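Taking it in order: structure first as structure tokens, then the write-up.
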Amino acid sequence: MFVNELREGVCKEWTQELKTMAGFQEPPIKKAKNDRSVDLNANTSQAPTQPSPSQAANGHLKARDSSASFQNLKHKNPHKRSPQKAKNPEHLRNLLSQRHALPIFPARARLLEEFKKHQTVIVIGETGSGKTTQIPQYIHEERLDRKGGICITQPRRVAAISIAKRVAEEMDTNLGGLVGYSVRFEEAVCPATKVKYVTDGMLLREAISDPLLSKYSWILLDEAHERTINTDVLFGIVKDAQKTRRSTPGQDPLRLLIMSATMDVDHFQPGRQHPIEMFYAKKQQEDYVMATMTTVFQIHREAPPRHDILLFLTGQEEIDSVTANLRQIAKDGSLAECPRLRVLPMYAALPAHQQLDVFRPTAEGERKVIVSTNIAETSITIPGIRFVIDCGRAKVRTYHPGSGFDALKVRKISQAQAWQRTGRAGREASGNCYRAYTRAEFDAMDVNPTPEILRSNLSSVMLQLLAMGIKNVVTFDFIDKPSAEHLEAAMVQLTFLGAVVIKSDCLELTEAGRKMAQFPLEPRYAKVILSGPEHGCTDEVLSIISMLSSESIFVNPAGKKEQAAIARRKFTSVEGDHITLLKVFRAFKAAKKNKMWCHENFLNFRNLMYATEVRKQLVQVCERCGVALTSCQQKTDSVRRCLATGLFTSVAELQLDGKYLTLDTKQEAALHPTSALFGGKPAYVLFTELVLTGKAYMHLNSIVDPQWLHDIAPEYFRKKHVKR
DNA sequence: GAGCACTGC
């Protein structure tokens, strides 16, 4: 490709809109309320976090943050003081004045009044308004928590921990005393804990053993706008518990606060955001990759050096090819007058040192162009960006119940994501954002991304709901109801696994199902563990499933592919990937969990340590459920047989033409090139995951014996005409 | 012969 082609490119005309996007005299972005209409029952009200009459009339308020003290709370704990210093009266006075300066403070009395009047209250205010740290304290100060504690959920672990630390400090108590937290693998609580910050997943676990959440008199679901699958499910659970407690004599009422931020203010906070000029494509672009590349050079010709560009594209392949093209074109003579162009790719699979390259400051007379996936949308912040170019698309993983596929497809992003990308241009100074789509296309985008619960396999959710005593999952109060097909598929899977039986049109949990729900795992993996004693290999399957719960174990550094392949061969098993993982785990243990050993063997130390933690927890659940910890040592075919008890609906059969068809839904599928079985042609393979990318690939596969399949589920496999 | 990105129990 040549510069001339780009000069004549399709996207050189832009319409300019929204002169300044983030001025904050007026909220710059007019959007629909970000939270979905939350079903308000009769005794529900919406309380503003600031008693401004005009905004109160609007039903909710976008509080403005005048103090910057909380803004980075999510990312780091800003209080690295010694505990002794907390007793320092001056420090305490300082903390108190900070609390009083928060936007939420003037609304304190009004909020408490609403809390006393209504059992469910929705509080909308931006991050930094103080709702997460202050509201629990207000409730405690008013002694409204006498009959039970306050539990505040967070979608992320770090947030739960760091906010608990801050609140303990403000309340001048030790963390783990009056104020505590509880996340997986880590907690700081005691019987006297009244204010507890937890991850949403943690509270969901708690609800399995105590569906009425009887320890608490207050549940605060924070960051509800993020619509994580756990917060969504909790919403229904808590409402259910509230109803039951209300109608049960002797039960204390359960009070529910839904706390949500609106995306616009949340992501464009004063002090963190400079004005951004917006540009839309004048007409619809046929080739968005080409359009964005054209724009790079338009900017490059005009903008001063060190005004860096962040270009959002969808995936690794696209990014690598665009990076190569841009580097090639940058050598063109007509660009001699321009700053030197440094083009850098950015995506999760990139080796760590290459990822770090994007953070290196731009040199004098140079310009950086970062070509990134949506990893740069939220997860990382790159300094120096003055221009954002947005292709308007991203890859989204969606589960398809009909075929059992997880599809990884390029889709239009939502308006909320588009604004998130835009915001990346104005972190340090005023910036510009070029959208490679028209204003009309933008308007046609969804306001928010599809909630996770509508894109997921629901078998875990359904098992959890049943374990909490929710009889009819179909009538459960979902904020967004999953389709009948999704619910049906989960029901079928749970039936196959022997977790439920259908009795008089209702699902009933079996004894095995009740045990399966105890495991923090997908039901099919829990089933494998329950089958452990029968096959004498609990120990082995625990290791394998812990490894499957972890991120990738193998490291593939660029330039050392050969050595990595040699190292990997030591662990590779002809039986497949599961036994390969088992061999790695055993070797890791034998090497005494040594970091250097991992490095030498191209294994990811952190992820192996994580697997070790998961395994420890699973062992505890086994002990609690009476699952015997048997071991088969070298009899690895028992291990594979055991795996098949939970994964038997994920089997593919070799056809005469050398391709594989899944037995369940007759989909064509191929062994993934990273599989230990790749290149071989076993008659039957068991796969862990089926992902549709270029084509349908089976990930993490093992050889299975068809006879085992008939032993495990005779009727199912007779129908599938599997030869023994 | 191929890998969107997170989070969580």
Side-chain angles (χ1 to χ4, degrees), chain A residues 74 153-160 182-187 198-209 223 226-234 312-320 345-351 355 372-380 391 393-398 406-411 413 417 420-421 449 452-453 455-456 460-461 463-464 467 516-523 525-526 545-546 549-552 554-556 558 561 565 610 613-614 616-618 620-621 670-675 677-679 689 691-700:
Chain A
K74 270 187 190 170
T153 68
Q154 292 294 318
R156 283 166 293 278
R157 296 164 50 94
V158 272
S182 175
V183 300
R184 192 181 191 180
F185 305 135
E186 209 182 319
E187 71 172 10
V198 304
T199 45
D200 49 13
M202 203 67 186
L203 187 61
L204 211 49
R205 283 272 129 209
E206 243 180 88
I208 292 175
S209 50
E223 311 286 10
E226 288 194 22
R227 303 295 310 275
T228 69
I229 195 165
N230 289 338
T231 304
D232 267 27
V233 173
L234 273 173
F312 284 103
L313 290 174
T314 64
Q316 181 178 331
E317 221 177 69
E318 207 172 78
I319 287 167
D320 284 342
M346 181 72 210
Y347 41 81
L350 211 60
Q355 287 192 0
S372 173
T373 60
N374 47 7
I375 191 168
E377 202 174 287
T378 49
S379 310
I380 61 162
C391 76
R393 290 158 178 85
K395 280 193 184 170
V396 182
R397 191 179 182 121
T398 308
D406 271 319
L408 206 49
K409 282 247 171 82
V410 174
R411 291 251 175 277
I413 58 171
Q417 284 171 286
Q420 179 67 34
R421 290 179 175 189
E452 198 184 358
I453 198 162
R455 296 185 287 114
S456 311
S460 292
V461 164
L463 184 65
Q464 280 164 11
M516 283 158 70
Q518 301 299 309
F519 286 88
L521 291 171
E522 282 177 46
Y525 295 152
I545 283 161
S546 304
S549 306
S550 169
E551 286 296 308
S552 68
F554 297 102
V555 180
N556 262 323
K561 288 220 156 51
Y610 179 84
E613 283 293 308
V614 173
K616 232 187 273 171
Q617 192 185 24
L618 296 180
Q620 283 169 11
V621 181
L671 291 164
H672 195 268
T674 57
S675 174
L677 299 181
F678 182 76
E689 211 183 16
V691 181
L692 184 69
T693 47
K695 51 182 172 177
Y697 284 104
M698 299 181 279
H699 292 254
L700 297 161

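Labels below follow one simple rule: chain letters A, B, ... track the order of the sequence lines, proteins then strands, and each chain is numbered from 1. The figures that follow rest on heavy atoms only: side chains count, while hydrogens, waters and symmetry mates do not. These figures come from a predicted structure and were not determined experimentally.
For the OP1/OP2 pair of dA2(B) and a distance below 4.0 Å, the side-chain nitrogens and oxygens of Thr674(A) include no atom meeting the criterion. Put simply, Arg157(A) has a side-chain N or O that comes within less than 4.0 Å of OP1 or OP2 on dC9(B). Phosphate proximity of dA5(B) to Tyr347(A): absent, as no side-chain N or O sits under 4.0 Å from OP1 or OP2. For dG3(B), the OP1/OP2 oxygens have a side-chain nitrogen or oxygen of His672(A) closer than 4.0 Å. Using a 4.0 Å cut-off, no side-chain N or O of Thr199(A) falls inside it from OP1 or OP2 of dT7(B).
Listed nucleotides: dG3(B), dC4(B), dC9(B). Nearest to the side chain of Thr693(A): dG3(B). Considering only the side chain of Asn230(A), dG8(B) comes nearest among dG3(B), dC6(B), dG8(B).
Taking atom CZ of Arg455(A) as the reference point, atom P of dC6(B) lies 14 Å away to the nearest angstrom. Following rounding to the nearest Å, Asn374(A) (CG) and dT7(B) (P) show an atom-to-atom distance of 13 Å. Here the P atom of nucleotide dA5(B) and the CD1 atom of Ile375(A) are 6 Å apart, to the nearest Å. Computed from coordinates, the Ile229(A) CD1 to dC9(B) P distance equals 15 Å when rounded to whole Å. If you measure from atom CG of Leu463(A) to atom C1' of dG8(B), you get 16 Å, rounded to the nearest angstrom. Atom NZ of Lys695(A) is separated from atom P of dG1(B) by 7 Å (rounded to the nearest Å). The separation between Asp232(A) atom CG and dG8(B) atom P is 17 Å, rounded to whole Å. Following rounding to the nearest Å, Glu317(A) (CD) and dA2(B) (C1') show an atom-to-atom distance of 8 Å.
Both Glu551(A) and Val691(A) lie near DNA chain B, and the one whose nearest nucleotide falls closer to the 5' end is Val691(A). Place Gln617(A) and Ala348(A) on DNA chain B by their nearest nucleotides, and Ala348(A) ends up nearer the 5' end.
Under the salt bridge (Lys or Arg N to Asp or Glu O under 4.0 Å) criterion, Glu452(A) pairs with no residue at all, not counting sequence neighbours. Residues passing the side chain to side chain donor-acceptor pair (under 3.5 Å) test with Arg184(A), sequence neighbours excluded: Gln617(A).
Phe519(A) comes within 4.0 angstrom of no nucleic acid atom, judged by non-hydrogen atoms across all strands. Among the protein residues, Tyr697(A) comes within range of the sugar-phosphate backbone only, with heavy atoms under 4.0 Å from sugar or phosphate atoms but none that close to a base.
Distance alone, capped at 3.5 Å, places no donor-acceptor pair between the Glu522(A) side chain and the Ser460(A) backbone.
Atom CD of Gln154(A) sits about 14.5 Å away from atom CE of Met202(A), to the nearest 0.5 Å.
Glu223(A) has no carboxylate O lying under 4.0 Å from a charged side-chain N of Arg156(A), or vice versa, which leaves the two without a salt bridge.
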